[in-house]
Protein chains: 2
Amino acid sequence: MAHPDPLPDSSNFALGRLRALLEGGSFDKEQRLPSERVLAAQIGIGRRALRRALEVLEAEGRIWRHQGKGTFLGPRPPEHPSDVEDLSRRTNPLEVMDVRLEIEPALARLAALRASNGDIERLLHLADKTASMSDADGRELWDSALHRAIAEVAGNSLLLAIFDMIDRIRQDATWRLLRERARSGARQQVYVDQHRRVIAAIAQREAHAAEQAMREHLELVRDGLLKVMTSPLPDGKDPQQAIPENTEDQRLHGT
Amino acid sequence: MAHPDPLPDSSNFALGRLRALLEGGSFDKEQRLPSERVLAAQIGIGRRALRRALEVLEAEGRIWRHQGKGTFLGPRPPEHPSDVEDLSRRTNPLEVMDVRLEIEPALARLAALRASNGDIERLLHLADKTASMSDADGRELWDSALHRAIAEVAGNSLLLAIFDMIDRIRQDATWRLLRERARSGARQQVYVDQHRRVIAAIAQREAHAAEQAMREHLELVRDGLLKVMTSPLPDGKDPQQAIPENTEDQRLHGT
DNA sequence: AGGCCGAACCAATTTGCAACTGGTTCGGTG
DNA sequence: CACCGAACCAGTTGCAAATTGGTTCGGCCT
């Protein structure tokens, strides 16, 4: 009886009954099955026996179940991964920077190709705002607004949505402390200059220059982040405590 | 009095009063202002006058407002763009394919570097399932599950989240018809072969081959999409009606 | 003892409703 | 004419109730 294949239905009446329903394509062609309580009553068996049969079908990949939702036909759909809280727990700042280095230079290049004069005025205004902020919190807000404005100007709605997802993770409170330290001191002025260089390239419609300027900017941001993460704090605190475990470098194109 | 600068408060008592509050950094250092009704009562003016003053402040970028939420200091945050319905209305299949061509080859390469034997078994099982489906709906489901499994194996949580966003848009009902046509006929068998080639490269840990195989697969999918979109239907229907206006080719790296 | 059923409870999700917010219109007042 | 008060519309949030799968328990039958 130690048969490795769980298919024989001989030992289970409910399983055969369920398979018949599934193959029959019932349920109004919807993917959702009735609730376990209803289904058990329909077949005329107990809920415990029904669940044992459903476990088999789920293991075979014919159905998938989720607490609070129901039981459905077909392969299990992806979990909703856009929750910023969950996601910012699973990823880490270096992953984020690698993806930003992949996305934002392309956005800057597209922005250079499509920016109107009004767009450029708006970017300059945001750059001024960013530079004029005195507190770290204000800098973060306006810096984010500037980078997003560039993404808007690029005119690719899907890339903009991807940027927004990354940006929301970036602004998560967990990493605020880390980024404030990476942004502190003389680095801030360099960032301001780099912002202006990106916008200047966009204003002159030099796509490649804009792409390169953005890449240099983000590489400096990443380098600052790396230094903060790997070097100990002057007062002795351990910076690693704020960083999830997965810190390996994952280049996207370095075949 | 056609002064271009909207700053003079002389004509408006409420505006000066509001500016004083904003500069004073009140409101418990929170970004949220009291509701219009409360704020109007505090200042001692009517709601209509208050709103006129708030319009000026909003145009200057000092505050932003949203119905149902409230009035806040600082730059306007990005609208939540992860709603699949809104997003699939704004983007188009070609934008999606361009981004997929940017993301998924990288995922295949990473998957080749990190796949365990169990992962590879799972990918093969999904490929078999995809190939065995007889109806278009089933093919779509299992094809999506296969591509996502590769993204899972890649092990970069942020890229996985980005893939999921794209995939949810891809599965939107609006484009179902279009993709079914692009997938029809002999093309289906080629897709099956390409899937197996990608998985074979992953199984042999050949990162570059996996990346290239995935790129070729997606390029063929995009070409099929292009043909369907640009050529008229045999029965005379206009395929353009299902496609938003923004159909220009937006390469991400073709400087 | 083992298998099954009914019932109850837990936990995650969806749904519906009430409260609140900005957006708008209307009539009244000085 | 500018302003106010009030009412209503529309979008958002928060919370409680209902629903669902996940789990445990006691009782019944073979």
Side-chain angles (χ1 to χ4, degrees), chain A residues 1 6 8-18 21-22 27 30-59 61-86, chain B residues 1 9-18 21-22 27 30-59 62-74 76-86:
Chain A
M1 304 302 185
D9 299 353
S10 56
S11 64
N12 198 328
F13 165 71
L15 228 179
R17 190 66 198 269
L18 266 180
L21 284 178
L22 264 59
F27 311 125
E30 292 187 9
Q31 291 181 331
R32 179 172 188 164
L33 277 68
S35 74
E36 290 184 354
R37 292 164 178 84
V38 172
L39 201 54
Q42 282 184 1
I43 300 181
I45 58 175
R47 210 176 143 218
R48 186 185 180 86
L50 172 66
R51 282 182 56 74
R52 197 174 301 182
L54 289 175
E55 284 173 15
V56 176
L57 295 176
E58 187 177 25
R62 310 181 98 90
I63 63 171
W64 63 277
R65 304 179 285 174
H66 192 92
Q67 183 176 154
K69 286 183 178 175
T71 306
F72 304 84
L73 283 81
R76 176 181 299 273
E79 303 170 5
H80 198 114
S82 297
D83 296 344
V84 180
E85 295 185 7
D86 289 347
Chain B
M1 314 325 178
D9 300 353
S10 56
S11 63
N12 199 328
F13 165 71
L15 228 180
R17 191 64 198 268
L18 267 180
L21 284 178
L22 263 61
F27 312 126
E30 294 188 7
Q31 292 181 332
R32 180 171 188 166
L33 276 67
S35 74
E36 291 184 355
R37 292 163 178 82
V38 172
L39 201 54
Q42 282 184 0
I43 301 181
I45 59 176
R47 211 176 140 215
R48 187 185 179 87
L50 171 67
R51 282 182 56 75
R52 198 175 302 180
L54 290 175
E55 284 174 15
V56 177
L57 294 176
E58 187 176 25
R62 311 182 96 90
I63 64 170
W64 63 276
R65 303 180 285 173
H66 191 92
Q67 182 176 155
K69 286 183 178 174
T71 306
F72 304 83
L73 284 81
R76 175 181 300 273
E79 303 171 5
H80 199 113
S82 296
D83 296 345
V84 179
E85 295 184 8
D86 289 347

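Naming: A, B, ... by sequence-line order, numbering from 1 per chain.
For A:R76, the salt bridge (charged side-chain N to carboxylate O under 4.0 Å, His left out) partners two or more places apart in sequence, or in a different chain, are A:E58. In this structure, the side-chain contact (heavy atoms from CB on, under 4.5 Å) partners of B:A53, at least two apart in sequence or on a different chain, are B:A14, B:L15, B:L18. Applying the side chain to side chain donor-acceptor pair (under 3.5 Å) criterion to A:R37, with sequence neighbours excluded, gives no partner residue. For A:R48, there are no salt bridge (charged side-chain N to carboxylate O under 4.0 Å, His left out) partners two or more places apart in sequence or in a different chain. With sequence neighbours excluded, the residues that form a side-chain contact (heavy atoms from CB on, under 4.5 Å) with A:P77 are A:W64.
Across the protein-nucleic acid pair, B:F72 atom CZ and D:dT12 atom P stand 12 Å apart, rounded to whole Å. Counting to the nearest Å, the C1' atom of C:dC4 and the CD1 atom of A:I43 are 15 Å from each other. One interatomic measurement links the two molecules: CG of A:L54 to P of D:dG21, which rounds to 9 Å at whole-angstrom precision. For A:R52 and D:dG21, the CZ to C1' distance is 17 Å, given to the nearest whole Å.
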> What string of B, S and - do you get for nucleotides 14-30 of chain C, 5' to 3', if B is base contact, S is sugar-phosphate-only contact and - is no contact with any protein heavy atom under 4.0 Å?
Replying inline: S------BBBBB-----
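In terms of modelled atom types and a separation under 3.5 Å, the side chain of B:R62 and the main chain of B:V56 share no donor-acceptor contact.
Within 4.0 Å (heavy atoms only), B:I45 reaches sugar-phosphate atoms of the nucleic acid but no base atom.
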